[in-house]
There are 2 protein chains.
Amino acid sequence: MTVTIKDVAKMAGVSISTVSRVINNSKPVSSDIRDRVLKVIKETGYVPNPVARSLVMKKSQIIGVIVPDISNLLIGELLNGIEEIGRMYDYDILLCNTYGEIEEELKYINLLKSKSVAGIVFVTGKIDEKTVNAIEEGNVPAVYIGKNAKDFDIYSVSIDHEKASYEMTKYLIEKGNKKIAFFRASIEDNIEDSERYKGYKKALEDSNIELDKSIVLQGDETSDSGYMLAKDLIEKENIPEAVFASSDEVAIGAMNAFIDNSIKVPEEVKIAGYDDIKIASMVRPSLTTIKTPIYDIGAVSARMIIKMINKEQLDSKHIILPYTLMNRQSTN
Amino acid sequence: MTVTIKDVAKMAGVSISTVSRVINNSKPVSSDIRDRVLKVIKETGYVPNPVARSLVMKKSQIIGVIVPDISNLLIGELLNGIEEIGRMYDYDILLCNTYGEIEEELKYINLLKSKSVAGIVFVTGKIDEKTVNAIEEGNVPAVYIGKNAKDFDIYSVSIDHEKASYEMTKYLIEKGNKKIAFFRASIEDNIEDSERYKGYKKALEDSNIELDKSIVLQGDETSDSGYMLAKDLIEKENIPEAVFASSDEVAIGAMNAFIDNSIKVPEEVKIAGYDDIKIASMVRPSLTTIKTPIYDIGAVSARMIIKMINKEQLDSKHIILPYTLMNRQSTN
DNA sequence: GTGAAAGCGCTAACAT
DNA sequence: ATGTTAGCGCTTTCAC
């Protein structure tokens with residue numbers, strides 16, 4: 001049988017409250033008794049039962065992480081960041097996969113609340129008012145990672161996608177490209193709402209390049225989608241000087257379409273992606289892209305949650321992390 | 001305040017035991033009372049507290065998953081498999097990242113036991129006797145995913161790496177290659193213990209090709225490592241007809257080294273990888289590789305655990321899943 | 001078929 | 001400084 005606080009108390013010849021006091025350092029205990037208890041704990045290998053503890057404290061040492069897709073390449077990095085900070089403060093991760101469905105999100109929010117998690121990191125494509133309400137009424141520390149976080153009065157961490165996108169487009173323009181296609185890796189909502197698209201558009205405007213809607217294309221976030229989009233352009237003989245895709249996978253798909261059709265990258269067409277997933281530097285030509293600090297986003301989120309748990313002061317509700325333009329072969 | 005079983009009981013005018021009986025279907029309850037209780041539950045939105053339940057049942061609806069590296073591309077897929085089966089039976093995932101360190105593994109095993117998890121999926125490079133002992137004495141259903149699972153009397157799921165490796169090597173030989181390099185993505189233990197190496201070696205033997213140790217190289221699992229290994233061969237002017245790497249990333253690294261040195265793939269050197277990570281089909285030339293059914297490994301593991309929990313019969317302790325040789329551009 | 005009561009392992013008043 | 005006790009929310013004997 002596993003040893004309980006009762007066993008320890010009996011063996012040390014003290015009451016269970018005393019044992020509780022030494023394991024939690026919650027109240028002074030005379031040093032000889034403390035030593036005796038500690039000795040018994042060591043001998044028996046006693047570990048406080050976290051479930052019982054959670055029940056009375058109404059808090060567990062668990063951070064719930066809600067994500068739309070575990071198998072996504074970026075999510076692993078994000079989890080890594082959360083985990084690494086979490087472990088420093090002794091928090092474990094309960095992972096919830098929603099497939100981006102709002103009902104699943106709601107379901108998991110309630111589940112996490114019923115499990116008395118210490119905090120929630122909520123990752124989603126688009127943050128919905130319903131989910132925000134569900135989380136906020138739970139009175140659980142939460143950090144949101146999602147496009148439209150600043151539309152709500154919530155804690156979030158993100159990067160300035162519009163600015164990053166603007167910078168990449170400007171960079172492409174400065175390289176002498178005028179006909180720059182934009183491949184958007186999402187068909188969900190209106191492209192006009194997309195930060196990345198806004199940045200692209202603004203950069204063109206600022207350089208007096210007219211927006212050419214025939215090369216602004218939408219697909220999903222797969223490389224296949226990027227491939228199809230580029231192939232379409234090739235078939236229509238509407239080949240741009242450069243393609244800026246709002247996701248690396250799409251960019252690589254597009255790159256492959258050109259390569260497969262004997263159109264040289266970067267000689268005949270430049271390609272730029274977004275996110276700097278591992279693959280970006282592994283393909284040839286290697287992909288110019290915006291490096292989003294996804295590990296850091298996870299780490300900062302976890303850090304924020306822990307600060308909230310400990311009632312420490314937070315500097316700001318919305319944290320914006322810096323990005324980096326990774327200049328590689330595909331645009332040079 | 002959140003509503004408890006007590007509240008429901010009071011509102012329905014019954015005892016808490018009756019409420020417990022209806023929510024668990026554990027004992028017959030007259031239908032009118034049952035309806036009354038159900039009605040109150042619906043009205044109040046009552047959800048049984050899983051923590052309290054775990055405490056008394058000494059079991060939670062959680063499957064602990066211990067992995068060496070969350071950010072690894074394959075792990076995401078594996079988690080996906082576990083999650084998808086888990087959710088069907090209402091199990092959640094507690095994720096533990098060990099960095100491959102055995103102390104961490106041990107720590108998490110104990111943590112999971114103290115949390116009364118329903119089962120453990122244990123993923124590791126090499127399974128150690130200590131970890132096996134720690135898990136088995138916990139009397140928790142567990143499934144192991146690791147190279148040397150069959151050295152122990154434990155439940156495991158894997159694929160026949162030796163056979164897969166043999167087949168790939170044979171395939172390369174049949175394509176007319178004799179000088180086939182082997183890049184091993186691990187420096188940890190003796191290469192002679194490696195299943196993949198054994199398969200490679202055996203295939204050469206069976207084709208009367210002498211093993212050339214000068215092209216059997218070890219590095220780590222990164223593409224950089226593959227790059228260095230290949231570069232080394234190039235500099236020594238010891239270029240093989242084909243390279244078989246025991247990991248896709250290493251294979252791609254090697255491929256890049258050849259490409260960067262104007263050695264054409266597959267015209268001048270063929271490349272084959274292992275695992276079929278997402279990138280494998282995205283690079284150009286696309287990579288011939290062994291597709292390991294990593295999602296299925298996760299799904300089957302979860303299914304086994306659930307069968308064990310439910311005391312269902314299991315066909316066999318070691319489950320071997322089929323692989324597929326993905327024939328792509330890099331060898332044709 | 002239903003309720004009362006004990007107890008899971010722990011924390012936190014409340015006494016002393 | 002230490003012990004006694006109530007209680008967290010639930011399941012499960014044990015009576016009736």
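Both backbone and side-chain heavy atoms feed into the values below; hydrogens, waters and symmetry mates do not. Just so we're on the same page: letters track the sequence lines, and every chain starts at 1.
Salt-bridge formation is not detected for the pair K107(B)/E103(B): no Lys NZ or Arg NE/NH1/NH2 atom is positioned less than 4.0 Å from an Asp or Glu carboxylate oxygen.
Across all strands, I16(B) comes closer than 4.0 Å to base atoms (heavy-atom distances). Residue contacts for V14(B): at a heavy-atom cut-off of 4.0 Å it reaches the sugar-phosphate backbone alone, with no base atom in range. Using a 4.0 Å heavy-atom criterion, one finds that S17(A) contacts the bases of the nucleic acid, with or without backbone contacts as well. At the heavy-atom level, T18(B) lies under 4.0 Å from the strands shown only through sugar-phosphate atoms. Contacts of K58(B) with the nucleic acid, taken as non-hydrogen atoms under 4.0 Å apart, involve only primed sugar atoms and P, OP1 or OP2.
Toward the 5′ end of DNA chain D lies the nearest nucleotide of A52(B), the other residue of the pair K27(B) and A52(B) mapping further downstream.
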Q: Check the pair Y99(B) / E83(A) against side-chain hydrogen bond (donor to acceptor under 3.5 Å, both in side chains), numbers first and verdict last.
A: CA-CA 11 Å; Y99(B) 302 90; E83(A) 198 272 342; 3.1 Å; yes
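Side-chain atoms of R34(B) stay outside donor-acceptor range of the base of dG1(C), with no qualifying N/O pair under 3.5 Å.
The side chain of V56(A) lies closest to dT11(C) when the candidates are dT13(D), dC8(C), dT11(C). Looking at the side chain of I33(B), the nearest of the listed nucleotides dG3(D), dC10(C), dT2(C) is dT2(C). Candidate nucleotides dT11(D), dC10(C), dC8(D) were compared by shortest atom distance to the side chain of R53(A), and dC10(C) ranks first. Minimum atom distance to the side chain of I5(A) is reached by dC10(C), of the listed dC10(C), dG3(C), dG9(D).
Spacing between atom CG of N25(A) and atom P of dT2(D) amounts to 14 Å, rounded to whole angstrom units. Straight-line distance from the CD1 atom of I23(B) to the P atom of dG9(D): 14 Å, rounded to whole Å.
When side chains are defined from C-beta on, D220(B) does not count as touching S186(B), because their heavy atoms never get closer than 4.5 Å. The side-chain heavy atoms of I70(B) and L95(B), taken from C-beta on, include a pair separated by under 4.5 Å.
One finds no side-chain N or O of T4(B) lying less than 4.0 angstrom from the OP1 or OP2 phosphate oxygen of dG9(D). Between S30(B) and the phosphate of dT2(C), there is a side-chain N or O to OP1/OP2 separation shorter than 4.0 Å. For S20(A), a side-chain nitrogen or oxygen approaches OP1 or OP2 of dT11(C) to under 4.0 Å. Under 4.0 angstrom from either OP1 or OP2 of dC8(D) there lies no side-chain N or O belonging to N49(B).
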